[in-house]
There are 2 protein chains.
Amino acid sequence: MADISPSRWDDQSAVPEVVVGRLPQYVRVLKELLSDGVEVANSQQLGQQLQVTPAQIRKDLSYFGRFGKQGRGYSVRRLLDELQQILGLNEQWNVVVVGVGRLGKAILSYPGFTPDGFHIVAALDNNPSLIGQEVEGVKVRAVEELDAVVKAQNITIAVVAVPVRFTQQVIDKLVECGIRAILNYAPTSPQVPESVKIRSIDPVLSLQSMTYYLTNGSE
Amino acid sequence: MADISPSRWDDQSAVPEVVVGRLPQYVRVLKELLSDGVEVANSQQLGQQLQVTPAQIRKDLSYFGRFGKQGRGYSVRRLLDELQQILGLNEQWNVVVVGVGRLGKAILSYPGFTPDGFHIVAALDNNPSLIGQEVEGVKVRAVEELDAVVKAQNITIAVVAVPVRFTQQVIDKLVECGIRAILNYAPTSPQVPESVKIRSIDPVLSLQSMTYYLTNGSE
DNA sequence: AGAAGATTGTGAACGAATTCTCAAATCATA
DNA sequence: TATGATTTGAGAATTCGTTCACAATCTTCT
């Protein structure tokens with residue numbers, strides 16, 4: 001069954017990570033077009049919306065298949081479906097939030113996750129006065145219950161919103177429990193094994209990379 | 001005064017944007033090392049913390065000067081100072097938040113901006129029942145007052161936390177007022193002129209780019 | 001049905017970013 | 001002060017990502 005591949009280090013025709021990073025944006029735009037009643041769009045039009053070249057869109061899509069029609073363009077509905085399939089956006093993803101402080105509460109009350117299939121089904125904290133309380137319809141439980149909660153509720157994704165000094169140890173625990181995707185809100189760059197995906201939400205870093213241009217820009 | 005340059009499109013020895021994007025992370029790590037009492041660090045050690053190769057750190061820094069000593073490494077304090085200087089992090093940056101809904105309020109109450117020199121000095125909304133109220137010590141004013149507020153309070157950076165459908169028009173207004181750095185929290189990719197820097201905070205996009213690997217990963 | 005026009009998909013060319021490599025510089029030790 | 005061990009800085013080599021260019025294919029119009 002398996003290929004008689006000599007070296008097993010690198011994957012087949014691996015899709016570059018930058019490409020995967022752009023697909024969700026394509027999905028966004030396609031959804032918008034669809035709700036505007038647009039049935040067909042070509043790479044030129046898509047590129048305009050997204051500020052990328054038509055060639056890039058075509059090349060990106062070509063990693064996954066042939067979704068367009070020459071002389072015409074892409075069926076918005078078809079392409080949207082395909083991309084959602086590729087990204088796994090048809091599934092429901094159960095999410096645990098670790099850390100129910102100011103930030104964690106804001107995340108629990110953020111209405112933007114659910115419409116895209118990300119369901120926050122559990123919340124953990126180590127503050128005794130929080131444990132047992134309900135926040136946004138989710139009962140807060142002790143961090144010690146992590147493993148049980150992850151297994152019981154079939155959780156695959158974790159959102160981390162704990163103070164910096166706890167971040168690494170929390171993430172280590174998450175990895176132990178088999179979590180393979182982490183969204184980190186703490187202002188630090190935690191270490192994870194290669195097999196685990198992590199993205200950090202870090203507004204201060206974003207600001208700091210812009211002040212460079214404000215300081216050194218045209219003057 | 002101006003150079004007699006034939007084409008004025010590209011800057012001198014422009015620093016790649018990816019490099020600028022990494023500098024704030026270097027600053028983070030250096031601050032941590034300093035507070036741990038570490039006086040000297042070499043590119044190997046820095047790279048370990050940051051998950052980048054030593055060569056990359058040296059190359060990145062070489063765009064800005066020669067900060068290290070052969071056979072020894074970098075003075076943590078010196079390098080930190082230099083990078084903060086380069087990024088303009090010694091200055092105080094005044095920030096306006098546009099949109100004081102759930103998200104805007106969370107941003108106003110986020111304690112992570114101030115220690116890094118980003119001061120939220122104004123908040124705008126178009127909701128009459130919010131205007132005039134104080135949120136986290138900042139009085140909410142009407143969006144119409146944008147221009148006056150930006151001028152009066154010497155604001156250079158804007159944070160946008162309005163509903164998607166208002167985002168582009170708000171950003172257009174900000175650009176008109178001379179704002180040149182925008183941190184956008186709305187789930188959309190707004191268009192800005194080249195001279196304006198924009199970064200988007202978009203947790204859903206981050207999640208969606210990870211589900212790709214959960215769906216198509218090792219199986 | 002045939003011709004003219006549009007647009008994809010993809011190999012090739014190009015450009016950008018990362019990593020390699022090593023001379024030059026510094027430090028540590030005797 | 002000389003020797004050996006480190007480590008930087010930066011050109012060269014390499015890898016990675018984007019854009020070009022065009023054959024193949026589909027649409028539209030007469």
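Letters A, B, ... are given to chains in the order of the sequence lines, protein chains preceding strands, and every chain is numbered from 1.
- Picking from D:dT25, D:dG9, D:dG17 the nucleotide with the shortest atom distance to the side chain of A:P16 gives D:dG17.
- Checking B:Q56 against A:G68, the closest nucleotide of DNA chain C that is more toward the 5' end is the one next to A:G68.
- A:R199 and B:S209 share a donor-acceptor pair across their side chains, judged by distance under 3.5 Å alone.
- At D:dA24, none of the side-chain N or O atoms of A:R66 fall inside 4.0 Å of OP1 or OP2 (strictly under the cut-off).
- Atom-to-atom, CG of B:N42 to C1' of D:dT6 comes out at 9 Å; the value is rounded to the nearest Å.
- First and last contacts of DNA chain C with chain A, using any nucleotide atom under 4.0 Å from a protein heavy atom and ordered 5' to 3', fall at C:dA6 to C:dA12.
- Atom CD in A:E17 sits about 18 Å away from atom C1' in D:dT18, given to the nearest Å.
- Out of D:dA21, D:dT19, D:dA12, the shortest distance to the side chain of B:K59 is found at D:dA12.
- In this structure, the side chain of A:D125 engages the main chain of A:V100 through a donor-acceptor pair within 3.5 Å.
- One can place CZ of B:F67 at 9 Å from P of D:dG9, the figure rounded to the nearest angstrom.
- As rounded to whole Å, 17 Å separates atom P of D:dC22 from atom CD of A:Q70.
- Take A:Q45 and apply the side-chain hydrogen bond (donor to acceptor under 3.5 Å, both in side chains) test, not counting sequence neighbours, and it matches no residue.
- Between B:T156 and B:R180 the shortest side-chain heavy-atom distance does not fall below 4.5 Å.
- Between the side chains of A:Y185 and A:D202, no donor-acceptor pair of N or O atoms lies under 3.5 Å.
- If you take CZ of A:R58 and P of D:dC22, they are 14 Å apart, rounded to a whole angstrom.
- Near-neighbour residues of DNA chain C inside residues 71-85 of chain B, defined by a heavy atom below 4.0 Å, number-ordered: B:G71, B:R72.
- Counting heavy atoms from C-beta on, the side chains of B:I182 and B:V196 come closer than 4.5 Å.
- Atom CG in A:L23 sits roughly 14 Å away from atom P in D:dG17 (whole-Å rounding).
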Criterion side chain to side chain donor-acceptor pair (under 3.5 Å) on B:D81 and B:Q85, from CA distance to verdict: CA-CA 6 Å; B:D81 282 352; B:Q85 186 69 44; over 6 Å; no
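- Inter-residue side-chain proximity for B:F118 and A:Q208 is flagged as met; some heavy-atom pair is nearer than 4.5 Å.
- Between the NZ atom of A:K69 and the P atom of D:dC26 there is a distance of 8 Å, given to the nearest Å.
- Between A:Y212 and B:V15 there is a side-chain heavy-atom pair separated by less than 4.5 Å.
- Separating the OH atom of B:Y63 from the P atom of D:dG11 is a distance of 11 Å, rounded to the nearest angstrom.
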